[in-house]
Amino acid sequence: MANLAAVMAERARRQGFWSAPAFVVDERTWTHAEVHQGAAHTSTLLAAEGVGQGDQVLIVAADGIEAVWAFLGTVRLGAIAIPVNPRLTADDHAGLAADACPAVVVCSADLADRFAGPARVLRTEVLAATVAESVAEDADADVALPVEVGGDEPAYAQYTSGTTGQPKAAVHRHGDPLVYFGAFAEGAIRMGRDDVVFSVSKLFFAYGLGNSLFFPLLSGCRALLHPGPPRADTVAGLVERHAVSVLFSVPTFYARLVATAEAKAFSSLRVAVSAGEALTPVLAERARRVLGCPILDGLGSTEVGQTFASNTLGAQRDGTVGHALPPYQLRVADDAGSDGCVGQAGTLWVKGPTILIEYLGRPEATAQVMREGWLCTHDRAAIDADGFVHHLGRVDDMEIVGGINVAPLEVEAVLVAHPAVTEVAVAGVCDAMGASRLEAFVVVVPGASDGPDLADDLVALAQQSLAPHKVPRVVHLVDALPRTPTGKLRRFLLRTGTWGDSG
């Protein structure tokens, strides 16, 4: 049977980690057996609510055992699980529910009123109490068998970050997570049964879903699930207390972590993984020094499902996102669509078995990103002679200053080298006459001086390393940068020229 939930359960039995710990949530440990038995009971609850094969189930839940059970229980039924961030606004939730048209919404009691309508609501509190009791009292009770499906049939969908428009749900197959696991978890970081993993990125993101659900359940290791928002001190404490060996996060959070946490908290780490935005060589070196382990940068997308290019434990190069992970293929194309030469910048395309089936209900949008099996990532990149991919930002992130194209990442990499800087973003801002000038928005390391001298120092630093048209004309010292719920930069807000005033 190719049903993902059934495959995972059978793998746990066959490979001998059925009784081993799978998840730790608020100091409560759940075994792989309890996870899969709970999923079976959850599928019974969902079926009673009317969920059938092919239906959508919107899962609006914080990281925890309820989210895991709801996801696997949906998949067991041959329905499509759609994890969603519970911290979105009511309007955002309403929009996603209208787009997904779910048969059932799984959410906490405080969110239930947001989803009143055609969909039925299954509260996470009811799910947790009912399923936990069933697992504890009668683990071997009869439950409905998993629905038989093919590996290419849809299993789940996740919404894109919406940095450039309306979020779209990328639909993936039952067989896709096994490819993610082989390509990245095994191939890049050698994840095994003895690992303890923690992902700062949540289950409702493509990055977090692989890190915290697919990889632990396929490898037999243990994962920490933290329901609350990530804070540097909280994450450092969890890593130290639970002897985490694999840490997943994004560069923005690593910058906060290494600026505030003590190195002793990370003595158990064997590898740290970064994705989601550029990891500069300066930050990589800072992170290695504090974390005491390799930090591997990679590139993935919601449309591919997980990481398709990455540095690995066997091949690393700072300033790159590594090389294509088999079975994925990469190509860089120029504006005319022709393959570029080695080292030439262009648009990055990816091909592989986990490219999305479709954007849910959006055939035209799907067709716009696909060409003969290749997916347009909308990333700018160059691939060097050794096959390492140099990520140069998003295609729509290029700034035009004085009629000349400027790549913000190049400028940002120079400014973030200053020891007082923890985050930086650069954007072209139009003045009252409509002329564009480059401005930098800088978040300062806690405790560092943030006076006018720092702004002058940063301009001087840029002048030493960059051509004159790439030097920011203004430096804003801000409390934070505008980001999506996935942590991606909303550069268009910086281009308004008002963020520095309100930040």
**Minimum heavy-atom distance Pro227-Val25, with the two atoms named** = CG-CG1, 4.4 Å

**Asked** What residues, two or more places apart in sequence or in another chain, satisfy side chain to side chain donor-acceptor pair (under 3.5 Å) together with Ser212?
**Response** none

**Message:** Looking at Thr312 and Gly314, would you say the former's side chain and the latter's main chain have a donor-acceptor pair under 3.5 Å?
**Reply:** yes

**Item:** Side-chain donor or acceptor of His32 paired with backbone N/O of Cys221 under 3.5 Å
**Value:** yes

**Item:** Set of residues satisfying salt bridge (Lys or Arg N to Asp or Glu O under 4.0 Å) with respect to Arg270, sequence neighbours excluded
**Value:** Asp195

**Prompt:** Excluding sequence neighbours, so at least two apart, what forms ring pair (Phe, Tyr, Trp, His ring centres under 6.0 Å) with Phe71?
**Reply:** Tyr156, Phe214

**Message:** Using modelled atom types and a 3.5 Å cut-off, is there a donor and acceptor pairing between side-chain atoms of Trp69 and backbone atoms of Val35?
**Reply:** yes

**Request:** Mind running side chain to side chain donor-acceptor pair (under 3.5 Å) on Glu153 and Asn3 for me, showing each step along the way?
**Result:** CA-CA 9 Å; Glu153 293 187 48; Asn3 186 301; over 6 Å; no

**Message:** For the backbone of Ile355 and the side chain of Arg173, can you confirm whether one donor and one acceptor N or O come within less than 3.5 Å of each other?
**Reply:** yes

**Request:** Kindly write out the residues that satisfy side chain to side chain donor-acceptor pair (under 3.5 Å) with Tyr207, not counting sequence neighbours, or none if the list is empty.
**Result:** none

**Prompt:** CD1 of Ile80 to OG1 of Thr74: how many Å apart, nearest 0.5 Å?
**Reply:** 10.5 Å

**Complete:** Separation between OG (Ser245) and CE (Met191), nearest 0.5 Å, reads 8.0 Å

**Message:** By the ring-ring contact (aromatic ring centres under 6.0 Å, His included) test, which pairs, at least two apart or in different chains, include something from residues 226-251?
**Reply:** none

**Complete:** Between Ala440 and Leu415, the two heavy atoms sitting closest are CB-CD1, 3.7 Å

**Message:** If you define the side chain from C-beta out and look only at heavy atoms, does anything of Leu96 sit under 4.5 Å from Val60?
**Reply:** no

**OG on Ser310 to CD1 on Ile189, rounded to 0.5 Å** = 8.5 Å

**Request:** Report yes if some heavy atom in the side chain of Leu269 is under 4.5 Å from a heavy atom in the side chain of Val246; otherwise report no.
**Result:** no

**Request:** Could you walk me through whether Thr354 and Asp176 pass side chain to side chain donor-acceptor pair (under 3.5 Å), step by step?
**Result:** CA-CA 5 Å; Thr354 69; Asp176 288 0; 5.2 Å; no

**Message:** Tell me whether Arg331 contacts the main-chain N or O of Trp374 through its side chain, where contact means a donor paired with an acceptor under 3.5 Å.
**Reply:** no

**Asked** So how far is it from His378 NE2 to Gln368 CD, rounded to the nearest 0.5 Å?
**Response** 8.0 Å

**Prompt:** Under the 3.5 angstrom rule, does the side chain of His418 hit a backbone N or O of Ala420 as a donor-acceptor pair?
**Reply:** yes

**Prompt:** Are the side chain of Thr160 and the backbone of Lys168 linked by a donor-acceptor contact shorter than 3.5 Å?
**Reply:** yes

**Request:** Of all the heavy-atom pairs spanning Leu203 and Asp63, show the shortest one and how long it is.
**Result:** N-OD1, 3.0 Å

**Complete:** Correct closest heavy-atom pair for Arg491 and Ala427 would be CG-CB, 4.1 Å

**Prompt:** Given the rule in the side chain to side chain contact (heavy atoms under 4.5 Å, CB included) test, do Tyr180 and Phe215 qualify, once you have shown the distances and angles that lead to the verdict?
**Reply:** CA-CA 8 Å; Tyr180 314 150; Phe215 297 164; 3.9 Å; yes

**Request:** Check whether any side-chain heavy atom of Val411 sits under 4.5 Å from a side-chain heavy atom of Val424, and report yes or no.
**Result:** no

**Asked** Given Ser201 and Ser199, is the side chain to side chain donor-acceptor pair (under 3.5 Å) satisfied, shown in steps?
**Response** CA-CA 5 Å; Ser201 295; Ser199 176; 4.7 Å; no

**Prompt:** Say you draw a straight line from NE2 of His469 to CG of Leu466; how long is it, rounded to the nearest 0.5 Å?
**Reply:** 9.0 Å

**Message:** Is any side-chain heavy atom of Glu410 closer than 4.5 Å to one of Lys470?
**Reply:** yes

**Complete:** Value for CG (Leu224) from CZ (Phe198), rounded to nearest 0.5 Å, stands at 6.0 Å

**Asked** Any side-chain heavy atom of Leu217 within less than 4.5 Å of one from Phe23?
**Response** yes

**Asked** Does a side-chain heavy-atom distance below 4.5 Å link Gln158 with Val84?
**Response** no

**Request:** Can you sort out the partners of His391 under side chain to side chain donor-acceptor pair (under 3.5 Å), two or more places apart, ordered by chain and number?
**Result:** Asp379

**Item:** Sequence-distant partners of Glu439, salt bridge (Lys or Arg N to Asp or Glu O under 4.0 Å), two or more places apart
**Value:** Arg437

**Request:** Verify, without hydrogens or angle tests, whether Trp349 (side chain) and Gln329 (backbone) share a donor-acceptor contact under 3.5 angstrom.
**Result:** no

**Request:** Identify the heavy atoms of Ala381 and Val332 that sit nearest to each other, and give their distance.
**Result:** O-CG1, 3.6 Å

**Message:** Using side-chain heavy atoms (C-beta onward) and a distance below 4.5 Å, is Leu481 in contact with Val443?
**Reply:** yes

**Asked** Going through the distances and angles, do Val342 and Ile383 end up as a side chain to side chain contact (heavy atoms under 4.5 Å, CB included)?
**Response** CA-CA 6 Å; Val342 171; Ile383 302 177; over 6 Å; no

**Item:** Arg256 and Glu423 ion-paired at < 4.0 Å
**Value:** yes

**Item:** N/O donor-acceptor pair under 3.5 Å between Arg222 side chain and Val196 backbone
**Value:** no

**Message:** Tyr159 vs Asn85, test: side chain to side chain donor-acceptor pair (under 3.5 Å). Steps then yes/no.
**Reply:** CA-CA 10 Å; Tyr159 277 94; Asn85 186 348; over 6 Å; no

**Request:** Just jot down the salt bridge (Lys or Arg N to Asp or Glu O under 4.0 Å) partners of Asp152, sequence neighbours excluded, or say none.
**Result:** none

**Prompt:** side chain to side chain donor-acceptor pair (under 3.5 Å) with His390: which residues, sequence neighbours excluded?
**Reply:** Asp384

**Item:** Qualifying salt bridge (Lys or Arg N to Asp or Glu O under 4.0 Å) pairs with a residue from residues 228-252, counting only residues at least two apart or across chains
**Value:** Glu27-Arg241, Arg231-Asp233, Glu240-Lys264

**Prompt:** Got Pro154 and His174 here, is their nearest side-chain heavy-atom distance under 4.5 Å?
**Reply:** no

**Asked** Of the non-hydrogen atoms in Val389 and His323, which two are nearest, and what is the gap between them?
**Response** CG2-CA, 4.5 Å

**Prompt:** Is Arg483 paired with Glu277 through a side-chain N to carboxylate O contact shorter than 4.0 Å?
**Reply:** yes

**Prompt:** Salt bridge or not for Arg317 and Asp297, using N-O below 4.0 Å?
**Reply:** no

**Prompt:** Can you name the residues that form a salt bridge (Lys or Arg N to Asp or Glu O under 4.0 Å) with Arg190, not counting sequence neighbours?
**Reply:** none

Exercise answer: donor-acceptor pairs, residues 298-305 side-chain atoms, under 3.5 Å, sequence neighbours excluded:
from   : atom 1 : to     : atom 2 : distance (Å)
Ser301 : OG     : Glu303 : N      : 3.4
Ser301 : OG     : Val304 : N      : 3.1
Glu303 : OE2    : Tyr359 : OH     : 2.6

